[in-house]
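One structure below.
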Amino acid sequence: MIKIENLNKHFAKHKVLNDINLQFNAGECVALIGPNGSGKTTLIKSILALVTIEKGEIHVQNESIQNQSAYRSNIGYMPQINRFPEHMSVHQLFNMMKSIRSEVTDYDLSLYEAFDIESMGKKKLGILSGGMRQKVSAALAFLFKPEILILDEPTAGLDPVSNEILKQKLKESIEKENKLVLITSHILNDLDDIADRVVYLMDGSLYFDKQMRALKEETSENRLNKIIASILNTENQYV
């Protein structure tokens, strides 16, 4: 569904993506992880054409994204930082998004209902707590039934119950609806139950790209944070 070839990106003299080659397929959940500054968010923004690609190609559903934006209608995006219109109410935000996407009439309201967003509908977006803003953002990402979901730190600020609701929704999207889910998180334990593949970036380069099953076998660990610690500790022994 997404194919990335020889992707490079600089900000000033700093190279943030170094010759990245990846392919993401329907029906899988890919954990895109790495330390701060590794290039994760820039890679996501490149897929969404929110930053300019200086070298390389990105194809979404077999079409180049260069000089076109229609492909984004099949992507549900949950950014790390939500920048909603502060003086708009929650109801107004959803109504505005529906009017923008007027070609869609069949909505996925499962998270809207599970998070009881209707009850906060009259509240101004500017006064919402971090957790409430995350709920709104998650519900919007799923609203138009996209085939691809890109979630950047989606569980940050969510309470434990809401966290589990979102994780269950992601599982269903992958297993029952064959969607592609690309997710980043510094809370690696949140990825244990949903990720079946791990892409690890370091200093803008692809450090490894492996199936979760293979990583568990290689390290004899079952939790992603312990898997990563085991790999990095082993590598550091030879530095």
Side-chain angles (χ1 to χ4, degrees), residues 1 24 26-32 44 47-48 61 70-196:
M1 299 186 82
F24 305 127
E28 67 176 351
C29 179
V30 182
L32 178 62
I44 286 173
I47 295 170
L48 295 168
Q61 295 175 311
Y71 75 96
R72 287 187 291 195
S73 64
N74 285 320
I75 298 177
Y77 176 47
M78 185 176 175
Q80 182 176 358
I81 299 174
N82 305 302
R83 292 185 173 88
F84 297 131
E86 300 290 292
H87 300 293
M88 184 177 285
S89 73
V90 174
H91 276 160
Q92 288 172 331
L93 174 65
F94 277 85
N95 289 336
M96 180 185 73
M97 295 305 297
K98 288 177 180 178
S99 68
I100 292 172
R101 295 289 307 278
S102 58
E103 77 281 4
V104 180
T105 56
D106 184 22
Y107 306 113
D108 183 345
L109 297 173
S110 55
L111 286 184
Y112 185 95
E113 295 169 353
F115 290 151
D116 194 19
I117 290 175
E118 185 67 25
S119 68
M120 64 176 90
K122 295 181 180 180
K123 293 183 178 180
K124 299 296 183 183
L125 292 158
I127 67 168
L128 296 184
S129 67
M132 293 170 77
R133 291 169 76 93
Q134 286 292 89
K135 291 177 182 179
V136 169
S137 185
L140 282 173
F142 284 86
L143 184 63
F144 300 106
K145 298 187 175 182
E147 297 177 30
I148 300 170
L149 290 154
I150 299 179
L151 313 177
D152 196 358
E153 301 286 349
T155 61
L158 287 182
D159 61 86
V161 173
S162 299
N163 192 345
E164 290 303 313
I165 289 172
L166 177 57
K167 286 163 64 175
Q168 185 59 40
K169 177 62 176 175
L170 288 170
K171 285 184 186 178
E172 292 174 0
S173 297
I174 299 157
E175 297 170 3
K176 296 181 181 180
E177 300 171 17
N178 203 39
K179 296 182 187 290
L180 164 63
V181 174
L182 181 59
I183 182 170
T184 77
S185 180
H186 284 97
I187 308 171
L188 299 187
N189 288 344
D190 284 341
L191 305 176
D192 285 333
D193 299 330
I194 55 175
D196 46 44

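Sequential numbering from 1 along the given sequence is applied to the chain's residues. Keep in mind the model is a prediction, meaning the values are calculated, not measured.
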Inset, instruction - Test side-chain contact (heavy atoms from CB on, under 4.5 Å) on Ser89 and Lys122 and set out the steps. - result: CA-CA 5 Å; Ser89 73; Lys122 295 181 180 180; 5.6 Å; no
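- Cys29 and Ile183 get closest at one heavy-atom pair: SG-CG2, 3.9 Å.
- Here the closest non-hydrogen pair linking Leu151 and Ala141 is CD2-CB, 4.4 Å.
- No close placement of the Tyr112 and Tyr107 rings is indicated, their centers lying 6.0 Å or farther apart.
- Smallest separation of non-hydrogen atoms from Leu93 and Pro85: CD1-CD, 4.5 Å.
- Expressed to the nearest 0.5 Å, how far CD1 of Ile81 lies from OG of Ser137 amounts to 11.5 Å.
- A donor and an acceptor atom, one from each side chain of Thr155 and Asp190, are located under 3.5 Å apart.
- A donor-acceptor pair under 3.5 Å links the side-chain atoms of Asp159 to the main chain of Val161, judged by distance alone.
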Legend entry - Test side-chain contact (heavy atoms from CB on, under 4.5 Å) applied to Leu149 and Ile75, step by step: CA-CA 6 Å; Leu149 290 154; Ile75 298 177; over 6 Å; no
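- A donor-acceptor contact shorter than 3.5 Å links the side chain of Gln134 to the backbone of Pro154.
- Here the options are Lys98, Arg101, Lys145, the test is salt bridge (charged side-chain N to carboxylate O under 4.0 Å, His left out), and the partner is Asp106; only Lys145 passes.
- In terms of heavy-atom proximity, Ala139 sits nearest to Leu111 at CA-CB, 4.1 Å.
- Under a 3.5 Å cut-off, the side chain of Ser173 and the backbone N or O of Lys169 do form a donor-acceptor pair.
- Rounding to the nearest 0.5 Å gives a distance of 6.0 Å between CZ of Phe115 and CG of Leu158.
- Within the 3.5 Å criterion, the main-chain N or O of Val90 finds no donor-acceptor partner in the side chain of Lys123.
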Legend entry - Glu177/Glu147 under side-chain contact (heavy atoms from CB on, under 4.5 Å): CA gap, chis, key distance, verdict: CA-CA 8 Å; Glu177 300 171 17; Glu147 297 177 30; over 6 Å; no
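- The two atoms that bring Ile47 and Phe24 nearest to each other are CD1-CE1, 4.4 Å, heavy atoms only.
- Lys171 places no side-chain N or O within 3.5 Å of a backbone atom of Ile194 that could act as its donor or acceptor partner.
- Rounding to the nearest 0.5 Å places CD of Glu175 at 9.0 Å from CG of Asp196.
- For Ser185 against Glu153, the heavy-atom pair with the smallest separation is CA-OE1, 3.4 Å.
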Legend entry - Worked check of side-chain contact (heavy atoms from CB on, under 4.5 Å) between Ile148 and Leu182: CA-CA 8 Å; Ile148 300 170; Leu182 181 59; 5.9 Å; no
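- For the pair Asp152 (side chain) and Thr184 (backbone), a donor-acceptor distance under 3.5 Å is absent.
- With a 4.5 Å cut-off on side-chain heavy atoms, Phe84 and Arg133 count as touching.
- Rounding to the nearest 0.5 Å places CZ of Phe144 at 5.5 Å from CE of Met97.
- Atom CE of Met1 sits about 10.0 Å away from atom CD of Glu28, to the nearest 0.5 Å.
- In this structure, Phe142 and Leu166 have side chains that are in contact, with non-hydrogen atoms separated by less than 4.5 Å.
- Note that CD1 of Ile117 is 7.5 Å distant from CG of Leu140, once rounded to the nearest 0.5 Å.
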